[in-house]
Asker: 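The structure's right below; bear with me while I get my questions together.
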Amino acid sequence: MTLATTTPDMELALPARAANIAVVRHALGALGEAFAVDEQILANIRLAVTEACTNVVVHAYPDGHEGPLEICATLQEEKLVVVVRDQGPGIAPRADSPGLGLGLPLIASLTESVLLGRDDDDRTEVRMTFALST
């Protein structure tokens, strides 16, 4: 599930902590500005990616350590593909989850497509595709 055949237009690797979600949102804003992305589409991209990053911060590292949070974004024709990765155990239901379970449905409603899985390096991956034209 990796983007190995395409060089990403943006790559970030940060510790999975809440404060870094703002860094990701800022970088996406700059990317959107560089590609002249419509404001509403950019707002949807930022919200979906924020939700995916929040899921990493809250769920990926349950032992409390700040593992990596990786984001890459690639423009492919009239679409933006954003991948959020972590080295956590994967996406699975948890009875003790601190969240309400609304994040993934929200992401799905804001994207053209969303894929969940593991990449070739066994990292958890949320791959979101956004149409850049209406």
Asker: Taking only residues two or more places apart in sequence or in another chain, which ones pass side chain to side chain donor-acceptor pair (under 3.5 Å) with Gln40?
Answerer: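 With neighbours one apart ignored, the set is Asn44.
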
Asker: Is any side-chain heavy atom of Leu28 closer than 4.5 Å to a side-chain heavy atom of Met10?
Answerer: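 Yes, side chains in contact.
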
Asker: Is there a side-chain contact between Val56 and Tyr61, using heavy atoms and a 4.5 Å cut-off?
Answerer: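 A side-chain contact under 4.5 Å exists here.
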
Asker: Give me the atom names and distance for the closest heavy-atom approach of Val24 to Cys53.
Answerer: CG1-SG, 4.0 Å

Asker: Is Asn20 reaching over with its side chain to a backbone N or O of Val23, donor-acceptor style, under 3.5 angstrom?
Answerer: no

Asker: Any idea which heavy atoms bring Ala48 and Ile107 closest together, and the distance?
Answerer: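 Shortest heavy-atom separation between Ala48 and Ile107 comes out as O-CG1, 3.6 Å.
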
Asker: Considering non-hydrogen atoms only, spot the tightest contact between Ile41 and Leu132 and give its length.
Answerer: CD1-O, 3.5 Å

Asker: Would a 4.5 Å heavy-atom cut-off, applied to side chains only, mark Leu104 and Leu116 as touching?
Answerer: yes

Asker: Would Ile21 and Leu106 show up in the same hydrophobic cluster when neighbours are defined by side-chain heavy atoms closer than 4.5 Å?
Answerer: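 No: no chain of side-chain contacts under 4.5 Å links Ile21 to Leu106.
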
Asker: Side chain to side chain donor-acceptor pair (under 3.5 Å) between Arg118 and Thr124: does it pass, once the steps are laid out?
Answerer: CA-CA 5 Å; Arg118 308 288 285 182; Thr124 300; 2.4 Å; yes

Asker: Can you check whether Thr129 reaches Thr111 side chain to side chain, under 4.5 Å on heavy atoms?
Answerer: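 In short, these two side chains do not touch, never coming nearer than 4.5 Å.
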
Asker: List the atom pairs, donor and acceptor, that lie under 3.5 Å between side-chain atoms in residues 65-73 and the rest of the protein, sequence neighbours left out.
Answerer:
from: His65; atom 1: ND1; to: Asp63; atom 2: OD1; distance (Å): 2.6
from: His65; atom 1: ND1; to: Asp63; atom 2: OD2; distance (Å): 3.2
from: Glu66; atom 1: OE1; to: Arg17; atom 2: NE; distance (Å): 3.0
from: Glu66; atom 1: OE1; to: Arg17; atom 2: NH2; distance (Å): 2.9
from: Glu66; atom 1: OE2; to: Arg17; atom 2: NE; distance (Å): 3.4
from: Glu70; atom 1: OE1; to: Arg123; atom 2: NH1; distance (Å): 2.7

Asker: Atom CZ in Arg46, atom NE2 in His26: separation rounded to 0.5 Å?
Answerer: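 Between atom CZ of Arg46 and atom NE2 of His26 there are 9.0 Å.
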
Asker: If I compare all heavy atoms of Val57 with all of Ala16, which pair ends up nearest, and what's the gap?
Answerer: CG2-C, 3.9 Å

Asker: Which heavy atom of Val114 sits nearest a heavy atom of Val126, and at what distance?
Answerer: CG2-CG1, 3.9 Å

Asker: Give me the one residue out of Ile45, Leu80, Val82 that meets side-chain contact (heavy atoms from CB on, under 4.5 Å) with Met128.
Answerer: Val82

Asker: Kindly write out the residues that satisfy salt bridge (Lys or Arg N to Asp or Glu O under 4.0 Å) with Glu112, not counting sequence neighbours, or none if the list is empty.
Answerer: Lys79

Asker: Measure the spacing between CG of Asp122 and CZ of Arg85 and express it to the nearest 0.5 Å.
Answerer: 12.5 Å

Asker: Of all the heavy-atom pairs spanning Leu75 and Asp9, show the shortest one and how long it is.
Answerer: N-OD2, 2.7 Å

Asker: Starting at OG1 of Thr50, measure out to CG of Leu110 and round the result to the nearest 0.5 Å.
Answerer: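 Nearest 0.5 Å value for the OG1-CG distance: 10.5 Å.
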
